Engineer: 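Pasting a structure below so you can have a look.
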Amino acid sequence: MLPSGLRTMMEDGSVKRVTAFQQRVYEAVTRIPRGCVSTYGLVARQIGCAAPRAVGQALKANPYAPEVPCHRVISSRFEIGGFQGATAGAAVRRKLDLLDREGVRFISGRLVDKRRVFKF
DNA sequence: AACTAAGTGAAGT
DNA sequence: ACTTCACTTAGTT
């Protein structure tokens, strides 16, 4: 059971439960500008968390897409990372497409221009 | 107790 | 430079 202050009513009437940790993750990710990316590790460091995997878990549960641009978070080795619960397949291709539309390119699974990494 | 959308370093190819 | 592999991390269920 979660604290009662951490509920969010969605437009369709459903209620999503968002933990304090998730709110910290979403707040940080919202600051990543269009055309840039960050990494799970950098987001974790930014919010004072030592476990980047926990950031991935929070983004997987992101109820605020696309307002919280979770597609702009990739792995520290400049690989694409996951999207909508998948680490491969159609969902990840959509993530690549979203980034491509913002001018962020990947070649053979790796981010081309490392200057696009937003350092907070 | 088990499971992660990860990170790191080490060792192999 | 690339690919595994083992180990670690901490938040959620």
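Lettering of chains follows the sequences in order, A, B, ..., and the numbering in each one begins at 1. No experiment lies behind these values; they were computed from the predicted model shown.
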Engineer: Do the non-hydrogen side-chain atoms of A:Phe83 and A:Leu96 ever get within less than 4.5 Å of each other?
Structural biologist: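 Not touching, per the 4.5 Å side-chain cut-off.
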Engineer: Figure out the CZ/C1' separation between A:Arg72 and B:dA5, and round it to whole Å.
Structural biologist: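 From A:Arg72 CZ to B:dA5 C1': 17 Å.
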Engineer: Using a heavy-atom cut-off of 4.0 Å across all strands, would you classify A:Arg110 as base, sugar-phosphate, or nothing?
Structural biologist: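 Sugar-phosphate, no base atom in range.
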Engineer: Does the side chain to side chain donor-acceptor pair (under 3.5 Å) test come out yes or no for A:Gln84 and A:Arg94, once each step is laid out?
Structural biologist: CA-CA 10 Å; A:Gln84 294 173 346; A:Arg94 279 198 300 281; 2.7 Å; yes
Engineer: Mind checking the P distance from C:dC7 to B:dA5? Whole angstroms is fine.
Structural biologist: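 Each nucleotide's P atom is 22 Å from the other's.
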Engineer: As a test of understanding, state which of A:Leu99, A:Ile80, A:Ile74 forms a side-chain contact (heavy atoms from CB on, under 4.5 Å) with A:Leu111.
Structural biologist: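 So the option named by the test is A:Ile74.
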Engineer: Taking CG from A:Asn62 and P from B:dA5, how many angstroms apart are they, rounded to a whole number?
Structural biologist: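 Going from CG in A:Asn62 over to P in B:dA5 covers 14 Å.
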Engineer: Partner lookup for C:dT9, please. Criteria are Watson-Crick or G-U wobble with both distances under 3.5 angstrom; report none if nothing qualifies.
Structural biologist: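 Pairing partner: none.
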Engineer: Should A:Thr19 be listed as having a side-chain N or O under 4.0 Å from OP1 or OP2 of C:dT12?
Structural biologist: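 For C:dT12, OP1 or OP2 has a side-chain N or O of A:Thr19 closer than 4.0 Å.
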Engineer: Could you tell me how far apart A:Phe21 (CZ) and C:dT13 (P) are, to the nearest whole angstrom?
Structural biologist: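 In whole Å, C:dT13 P lies 12 Å from A:Phe21 CZ.
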Engineer: Rounded to whole Å, please give me the gap between NZ in A:Lys60 and P in B:dT4.
Structural biologist: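 Value for this atom pair: 6 Å.
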Engineer: Considering Watson-Crick and G-U wobble pairs with both distances under 3.5 Å, what does C:dT3 pair with?
Structural biologist: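 Here C:dT3 is engaged in a pair, and the nucleotide opposite it is B:dA11.
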Engineer: side-chain contact (heavy atoms from CB on, under 4.5 Å), that's the test. Do A:Arg77 and A:Arg110 meet it? Break it down for me.
Structural biologist: CA-CA 8 Å; A:Arg77 290 178 171 169; A:Arg110 289 273 229 62; 5.6 Å; no
Engineer: Atom CZ of A:Arg45 to atom C1' of C:dG11: distance rounded to whole Å?
Structural biologist: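 From A:Arg45 CZ to C:dG11 C1': 20 Å.
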Engineer: Treating primed atoms plus P, OP1 and OP2 as sugar-phosphate and everything else as base, which nucleotides of nucleotides 6-13 of chain B get B, S or - for protein heavy atoms under 4.0 Å?
Structural biologist: BSBB----
Engineer: Would you kindly give the CZ-to-P distance between A:Arg94 and B:dA5, to the nearest whole Å?
Structural biologist: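 A:Arg94 atom CZ is separated from B:dA5 atom P by 16 Å.
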Engineer: Assess the residue pair A:Arg72 and A:Arg34 against the criterion (side-chain contact (heavy atoms from CB on, under 4.5 Å)); give the C-alpha distance rounded to whole Å, side-chain angles, the decisive distance to 0.1 Å, and a yes or no.
Structural biologist: CA-CA 8 Å; A:Arg72 296 189 189 136; A:Arg34 199 186 140 82; 3.5 Å; yes
Engineer: Identify which nucleotide among B:dA5, C:dT9, C:dT12 has an atom closest to any side-chain atom of A:Gln22, counting heavy atoms from C-beta outward.
Structural biologist: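 Out of B:dA5, C:dT9, C:dT12, the nucleotide with an atom closest to A:Gln22's side chain is C:dT12.
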Engineer: What's the closest nucleotide to the side chain of A:Ala50 if the choices are C:dA10, B:dA5, B:dT4?
Structural biologist: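 Within the option list, the nearest is C:dA10.
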Engineer: Without decimals, in angstroms, what is the distance between A:Leu98 CG and B:dA5 C1'?
Structural biologist: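 Rounded to the whole Å, the gap is 15 Å.
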Engineer: Let me see the working for A:Asp97 and A:Arg93 under salt bridge (charged side-chain N to carboxylate O under 4.0 Å, His left out), right down to the final yes or no.
Structural biologist: CA-CA 6 Å; A:Asp97 187 58; A:Arg93 283 195 294 281; over 6 Å; no
Engineer: With a 6.0 Å cut-off (strictly less than), is the heavy-atom count around CZ of A:Arg24, excluding the residue itself, greater than 12?
Structural biologist: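 Correct, the count exceeds 12.
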Engineer: Which nucleotide sits closest to the side chain of A:Cys70: B:dT4, C:dT9, B:dA5?
Structural biologist: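 Closest of the options to the side chain of A:Cys70: B:dA5.
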